[in-house]
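All values derive from a computational prediction rather than experimental measurement. Positions are given from 1 along the sequence.
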Amino acid sequence: MDAWPSVAVPDLPGSGEVLRLYDTARHEVRATTSGPAASMYVCGITPYDATHLGHAATYLAFDLAQRVWRDAGCRVHYVQNVTDVDDPLLERAAHTGENWMSLAEREIDLFRQDMAALRVLPPDEYVGAVESVPEITDAIGRLLAAGKAYAVDDDIYFPVSAAPGFGSESNYDRDTMLTLFAERGGDPQRPGKRDPLDSLLWRGRRPGEPYWDTPLGPGRPGWHIECSIIALNRLGMGFDVQGGGSDLIFPHHEHSAAHAEALTDDPPFAHHYVHAGMIGLDGEKMSKSRGNLVLVSKLRGAGVDPMAIRLALLDGHYRADREWTGGRLPAAELRLRQWRAAAALDAAPSATALLADVRARLADDLDTGSAIAAMDRWAAGALDAPTEAGETTAPRLFADIADALLGVQLPARH
Ligand code: ZN
């Protein structure tokens, strides 16, 4: 499937630092990769509704990871999926009477437009569940042959007992797992399962639901195995970063890792499990079920500069749950005007130390708040300084730092 158009990234002088990120599995911030290559898989959307600010914040966090890697000279291999067949999509289509494929196509297209407007670097491979059905069924067949999957009626389940490392990604205790499994699409009560935490690999054909005729019988894949196999077949075991929102820690990322580790007997699935916090509105997590979504496309349609949306979401740590309050956007718009004014100066004090500072802050678990504060200080100083005291190349370097490392485009005069 096509991703969105690539985004130009200016080259900066010198080279950035090794990216350190917080790993959910080990509870520590440590170096992601010290080699010349970095690999990342980020869970994509289920396309049944438009991109809201919570999605955007997650993809922006992993966009920054990619920018920091590139600035450090790493080649990046980035894969993202689209869950273009799954229960929420089919339920929405049934509710509105729309064909599920048309709904998915429309929402994927809108997501592409939102990502492009926000200057998010596209994945190298953008892969749908539907186009991956053959590789997923092949993997489930191999799990069955190895005794690491079992049938319940026409469905196929993964026994958590087949993955010795099960639990090591989330580190949750069994009660927490059971609670989250029930809340987030799992079926702990399903009769016939060996363990309530066993997850669905394959859903046999149901009346009125789409299905594929496969060696497993007619049906469609489960969500965890979809991500597991799309990542495994493109990045191999032991890739650098498995990313997503913090609501994917369990069961989704735990089960995706368990499936791949059971299939290959070659742990770990990923070296880092990285999770972005949730964006809240009026004290509640932004989510479809609560109906409190702020949509990127709505803001764009109302004439809001996507660079202001981007700055507003980056002004706060990616791991923290954050509130989208009324003041965030005006503050970001003011900041953008300041930065653009500074980038348009004929000359300004040197920005070389600023570059080192922003690089160091972002390499330290993507500390965007401190990086933005350093940019603010430089811009305020440049706007106050007498022009004749400065360097003519400094405003351009400032603009390039904003663009390359923060993804915020500031038209510069030079
Ligand atoms: Zn996923």
**Asked** Could you give the distance from CZ (F398) to OG (S350), rounded to the nearest 0.5 Å?
**Response** 13.0 Å
**Fill in**
Interatomic distance, CG@L60 vs CG@L313, rounded to 0.5 Å, equals 6.0 Å
**Request:** For residues E107 and I45, determine if any side-chain heavy atom of one lies less than 4.5 Å from a side-chain heavy atom of the other.
**Result:** no
**Prompt:** Looking only at side chains, do S132 and E226 share a donor and an acceptor under 3.5 Å apart?
**Reply:** no
**Asked** So do V85 and V133 actually touch side chain to side chain, heavy atoms under 4.5 Å?
**Response** no
**Fill in**
Closest heavy-atom pair, F166 versus M177, reported as atoms and distance to 0.1 Å, is CE2-SD, 3.7 Å
**Request:** Classify the angle between the aromatic ring planes of H255 and F250 as parallel (below 30°), tilted (30 to 60°) or perpendicular (above 60°).
**Result:** tilted
**Message:** Per the salt bridge (charged side-chain N to carboxylate O under 4.0 Å, His left out) rule, what does the pair list look like for residues 57-73, sequence neighbours excluded?
**Reply:** D63-R67, D63-R310, D71-R359
**Item:** Residue pairs fulfilling salt bridge (charged side-chain N to carboxylate O under 4.0 Å, His left out) with at least one residue in residues 248-257, sequence neighbours excluded
**Value:** none
**Request:** Working to the nearest 0.5 Å, report the span between CD of E28 and CG of D365.
**Result:** 11.5 Å
**Prompt:** Got a second to check how far R361's CZ is from L406's CG, nearest 0.5 Å?
**Reply:** 12.5 Å
**Asked** Does a side-chain heavy-atom distance below 4.5 Å link Y78 with W69?
**Response** no
**Request:** Quick one: do D195 and R174 satisfy side chain to side chain contact (heavy atoms under 4.5 Å, CB included)? Show the steps, please.
**Result:** CA-CA 11 Å; D195 185 307; R174 189 173 166 85; 3.1 Å; yes
**Request:** Report the residues that fulfil side-chain contact (heavy atoms from CB on, under 4.5 Å) with S168, sequence neighbours left out, ordered by chain and then residue number.
**Result:** none
**Asked** Is there a donor in the side chain of S199 and an acceptor in the side chain of H224, or the other way round, less than 3.5 Å apart?
**Response** no
**Request:** Give a yes or no on whether D11 atom CG has more than 12 heavy-atom contacts from other residues, nucleotides or ligands under 6.0 Å away.
**Result:** no
**Message:** Show, in sequence, the C-alpha distance, side-chain angles and deciding distance for D109 and R106, and conclude whether the salt bridge (charged side-chain N to carboxylate O under 4.0 Å, His left out) test is met.
**Reply:** CA-CA 5 Å; D109 203 47; R106 194 180 66 239; over 6 Å; no
**Fill in**
Minimal heavy-atom distance between P221 and I136, with the atoms involved, is CB-CG2, 3.7 Å
**Request:** State, yes or no, whether a side-chain contact exists between P123 and W4 at a heavy-atom distance under 4.5 Å.
**Result:** yes
**Asked** With a 3.5 Å cut-off and no angle check, do the side chains of W339 and D376 form a donor-acceptor pair?
**Response** yes
**Those residues that, when tested against Y22, pass ring-ring contact (aromatic ring centres under 6.0 Å, His included) (two or more places apart)** = none
**Asked** Can the positive tip of R205 be found less than 6.0 Å from the middle of the six-membered ring of Y211, inside 45° of the ring normal?
**Response** yes
Can you give the donor-acceptor pairs under 3.5 Å from side chains of residues 157-165 to other protein atoms, not counting sequence neighbours?
from, atom 1, to, atom 2, distance (Å)
Y157, OH, D187, OD2, 2.4
Y157, OH, R190, NH1, 2.9

**Message:** Among residues at least two apart in sequence or on other chains, which ones pass side-chain contact (heavy atoms from CB on, under 4.5 Å) with A231?
**Reply:** Y41, F239, F269
**Request:** Identify the two heavy atoms, one from D240 and one from T32, that lie closest to each other, and give their separation to 0.1 Å.
**Result:** OD1-O, 3.6 Å
**Item:** Pairs meeting criterion side-chain hydrogen bond (donor to acceptor under 3.5 Å, both in side chains) with involvement of residues 258-274, two or more places apart
**Value:** K148-D265
**Fill in**
Between the CG atom in L64 and the OG1 atom in T368, the distance rounded to the nearest 0.5 Å is 7.0 Å
**Prompt:** Are Q80 and M115 close enough, and set up right, to give a side chain to side chain contact (heavy atoms under 4.5 Å, CB included), and what steps lead you there?
**Reply:** CA-CA 13 Å; Q80 187 180 134; M115 292 295 104; over 6 Å; no
**Prompt:** Less than 4.5 Å apart, any side-chain heavy atom of L12 and any of L397?
**Reply:** yes
**Request:** Please tell me if the side chains of V294 and L299 come closer than 4.5 Å, counting only heavy atoms from C-beta onward.
**Result:** yes
**Message:** Taking salt bridge (Lys or Arg N to Asp or Glu O under 4.0 Å) as the definition, give me every residue that meets it alongside R184, ordered by chain and number, with sequence neighbours left out.
**Reply:** none
**Item:** Test salt bridge (Lys or Arg N to Asp or Glu O under 4.0 Å) applied to D315 - qualifying residues, sequence neighbours left out
**Value:** R335
**Item:** Shortest non-hydrogen contact between L103 and A93, atoms and distance
**Value:** CD2-N, 3.9 Å
**Request:** Could you walk me through whether D155 and K193 pass the salt bridge (charged side-chain N to carboxylate O under 4.0 Å, His left out) test, one step at a time?
**Result:** CA-CA 11 Å; D155 303 334; K193 282 169 57 171; over 6 Å; no
**Fill in**
The reported gap from CG in L295 to NE2 in H55 (rounded to nearest 0.5 angstrom) is 10.0 Å
**Prompt:** Under the ring-ring contact (aromatic ring centres under 6.0 Å, His included) test, which residues partner F62, sequence neighbours left out?
**Reply:** none
**Request:** Tell me, yes or no, whether the heavy-atom count around R75 atom CZ, taken from other residues, nucleotides or ligands under 6.0 Å, exceeds 12.
**Result:** no
**Item:** Greater than 12 external heavy atoms within 6.0 Å of H95's NE2
**Value:** no
**Message:** For V82 and F111: C-alpha separation, side-chain torsions, deciding distance, then whether side chain to side chain contact (heavy atoms under 4.5 Å, CB included) applies.
**Reply:** CA-CA 11 Å; V82 189; F111 177 71; over 6 Å; no
**Set of residues satisfying salt bridge (Lys or Arg N to Asp or Glu O under 4.0 Å) with respect to E209, sequence neighbours excluded** = R203, R220
**Message:** Ignoring hydrogens, what is the shortest heavy-atom contact between V274 and L21? Give both atom names and the distance.
**Reply:** CG2-CD1, 3.9 Å
**Prompt:** Are there more than 12 heavy atoms of other residues, nucleotides or ligands under 6.0 Å from atom CD of E105?
**Reply:** no
**Asked** side chain to side chain donor-acceptor pair (under 3.5 Å) with R396: which of T393, T392, D400?
**Response** D400
**Item:** Check: L144 and L201 side chains under 4.5 Å, non-hydrogen atoms
**Value:** no
**Request:** Check the pair W212 / V130 against side chain to side chain contact (heavy atoms under 4.5 Å, CB included), numbers first and verdict last.
**Result:** CA-CA 9 Å; W212 285 262; V130 169; 3.7 Å; yes
**Fill in**
Test salt bridge (Lys or Arg N to Asp or Glu O under 4.0 Å), reference D114, set K298, R300, R119, output is R300
**Item:** Side-chain heavy atoms of D87 within contact of W223, under 4.5 Å
**Value:** no
**Fill in**
Applied to residues 229-239, the salt bridge (charged side-chain N to carboxylate O under 4.0 Å, His left out) test, sequence neighbours excluded, yields E125-R234, E135-R234
**Item:** Candidates T24, D23, D247 - the one meeting side chain to side chain donor-acceptor pair (under 3.5 Å) with H275
**Value:** T24
**Request:** Measure across G54 and I279 and return the closest heavy-atom pair with its distance rounded to 0.1 Å.
**Result:** CA-CG1, 3.7 Å
